[in-house]
Student: 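Below: one structure in structure tokens.
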Amino acid sequence: MFQIPSINLLLDDLADFKPFEPFEGESDAAPRALPPGVDPLNVMGINTNKELNEKNHYTSDYVTNQLVVRRGQQFVIDVTFNRPLTPDDDFQLEFLIEAKCRQRQETPGSDPIPNKDSLVVVTFGNRPGGSWAGQILGSQGAAVSLGITPHAGAIVGLYRTYVAVSVGNGMQRTSKDPSTNLYVLFNPWCKEYVLNSTGIIYQGTSEKITERGWVYGQFEAGVLDACIYILDVCRMAIPSRGDVIKVLRTASAMINSQDDNGVLVGNWGVDFSMGVAPTSWTGSAKILLQYHNTGAPVSFAQCWVYAGVLNTCKTINKNHTCEKYV
């Protein structure tokens, strides 16, 4: 029985696909006969154009070796083949977000399939593909520039990238390569919400309001994975992670450790000897990284700490009032 995946950061060493075996939806990828003297098409390299894409997607500040892009906006990947393309060549890009555990790997019917949206097939000819758009932008010799536009409702998280070439009765894919993994984020395009990494949090009562500075730290190394980890801990179904309302409700519930082993332990008393006093926190990054590294709720928090950490998750995921679907 197929199990809905709920862990995104589990990138194990097992193969995602069985070699040369077509998965559901590949029946239209019928290979054509190559002209005499033309070598079979092979992939020699993939360039994610990290610097260019992240400049265009306003994600350059994220400290990670992987590409970070926003859904609903085109990014460019360069693929180098062993020779220039011919009209008879058939290939596709595949983006896989479903992380498979060892137990599920051996379960019949557990292979990723396009109609679950955890595997997105992007084609570049007349053959139908998935919900993401793809086009050939240009070529120079054996190097081809491919434009990819994730659907505005795409699942957010960490994807693996494959190039698959039609051969025989199936698709020959590139090997799993962590350097080509990419993050797809929600696209809340309001600069004041997305780009500011510091801000002011107001606290107190209606008669006496005070303010304190807070470092949201959404771009710091490891924070992006820590926010995805929060969704993994509560085993939020991968297919649901394209729904902004569900993601924010889940994140809101998980910020408090009560009942769900969430991020922060509340303490409104005077004894903080078993942790850090809420007034000592100045930002979100240390809290999120500690939670990710230990898997245990972080002590202690009061209302403004909860608000600051949740806002960091929102800057990575979405500000609900700002996203425009295309």
Side-chain angles (χ1 to χ4, degrees), residues 11 16 29 41-87 89-97 114 117-166 171-189 191 194-195 219 224 242 316 323-326:
L11 300 181
D16 294 314
L41 192 65
N42 290 308
V43 178
M44 308 304 292
I46 302 173
N47 180 3
T48 62
N49 294 306
K50 188 174 188 294
E51 183 175 351
L52 172 65
N53 285 318
E54 292 188 345
K55 178 181 179 181
N56 293 335
H57 285 247
Y58 297 95
T59 55
S60 299
D61 290 334
Y62 285 104
V63 182
T64 173
N65 293 326
Q66 278 72 43
L67 173 64
V68 182
V69 297
R70 301 186 186 279
R71 66 186 193 176
Q73 181 176 342
Q74 186 183 81
F75 62 94
V76 180
I77 287 181
D78 293 337
V79 178
T80 301
F81 296 98
N82 59 317
R83 57 167 173 76
L85 292 178
T86 73
D89 292 319
D90 187 14
F91 72 95
Q92 61 193 34
L93 261 61
E94 299 171 355
F95 298 93
L96 175 65
I97 192 172
D117 287 332
S118 57
L119 172 64
V120 181
V121 175
V122 181
T123 56
F124 299 91
N126 296 326
R127 181 163 55 84
S131 59
W132 296 16
Q135 65 179 127
I136 297 178
L137 301 178
S139 62
Q140 185 172 3
V144 182
S145 292
L146 305 172
I148 313 297
T149 304
H151 186 266
I155 298 170
V156 299
L158 180 61
Y159 285 78
R160 295 192 282 272
T161 303
Y162 295 90
V163 181
V165 176
S166 179
M171 307 297 285
Q172 180 178 354
R173 295 175 176 84
T174 51
S175 300
K176 184 184 297 186
D177 181 359
S179 70
T180 63
N181 292 344
L182 63 89
Y183 295 91
V184 175
L185 305 184
F186 287 117
N187 198 359
W189 200 239
K191 292 184 179 180
V194 177
L195 294 183
F219 302 118
L224 184 53
I316 286 175
E323 184 165 11
K324 180 180 179 181
Y325 287 83
V326 296

Student: Between Phe81 and Phe91, is the gap from one ring center to the other below 6.0 Å?
Tutor: yes
Student: Looking only at non-hydrogen atoms, find the nearest pair between Val76 and Ser145 and report the distance.
Tutor: CG1-CB, 4.3 Å
Student: With sequence neighbours left out, what residues match Asn56 under side-chain contact (heavy atoms from CB on, under 4.5 Å)?
Tutor: Leu52, Gln73
Student: For the side chain of Arg71 and the backbone of Gly242, is there at least one donor-acceptor N/O pair under 3.5 Å apart?
Tutor: yes
Student: Heavy-atom distance under 4.5 Å between the side chains of Gln140 and Asp78, does that happen here?
Tutor: no
Student: If only atom types and distance count, is the side chain of Thr161 paired as donor or acceptor with the main-chain N or O of Thr180 below 3.5 Å?
Tutor: yes
Student: Can you find a heavy atom in the side chain of Arg70 that is under 4.5 Å from one in the side chain of Leu185?
Tutor: yes
Student: With a 4.5 Å heavy-atom cut-off, do Thr80 and Asn47 have their side chains touching?
Tutor: no
Student: Name the residue from Ile77, Leu146, Thr174 that meets the side-chain contact (heavy atoms from CB on, under 4.5 Å) definition with Val163.
Tutor: Thr174
Student: Output, in order, the C-alpha distance, side-chain angles, deciding distance and verdict of side chain to side chain contact (heavy atoms under 4.5 Å, CB included) for Val184 and Phe95.
Tutor: CA-CA 10 Å; Val184 175; Phe95 298 93; over 6 Å; no
Student: Exactly one of Leu67, Thr64, Thr59, Val69 should register a side-chain contact (heavy atoms from CB on, under 4.5 Å) with Tyr183. Which one does?
Tutor: Thr64
Student: Taking all atoms of both residues into account, what is the closest heavy-atom pair of Lys55 and Ser60, and its distance?
Tutor: N-OG, 3.4 Å
Student: Closest heavy-atom contact between Asn82 and Ala142?
Tutor: C-CB, 4.4 Å
Student: Roughly how far apart are Gln66 CD and Lys50 NZ, rounded to 0.5 Å?
Tutor: 8.0 Å
Student: Within the structure provided, determine whether Phe124 and Leu85 are in side-chain contact (heavy-atom separation under 4.5 Å).
Tutor: no
Student: Going by heavy atoms in the side chains, are Thr48 and Leu182 under 4.5 Å from each other?
Tutor: no
Student: For residues Phe75 and Pro150, determine if any side-chain heavy atom of one lies less than 4.5 Å from a side-chain heavy atom of the other.
Tutor: yes
Student: Starting at OG1 of Thr123, measure out to CH2 of Trp132 and round the result to the nearest 0.5 Å.
Tutor: 13.5 Å
Student: Mark yes or no for whether Glu54, through its side chain, and Val68, through its backbone, hold a donor-acceptor pair below 3.5 Å.
Tutor: yes
Student: Which heavy atom of Gln74 sits nearest a heavy atom of Thr149, and at what distance?
Tutor: CB-OG1, 3.3 Å
Student: How close do Leu41 and Arg83 get, counting heavy atoms only, and between which atoms?
Tutor: N-NH2, 3.6 Å
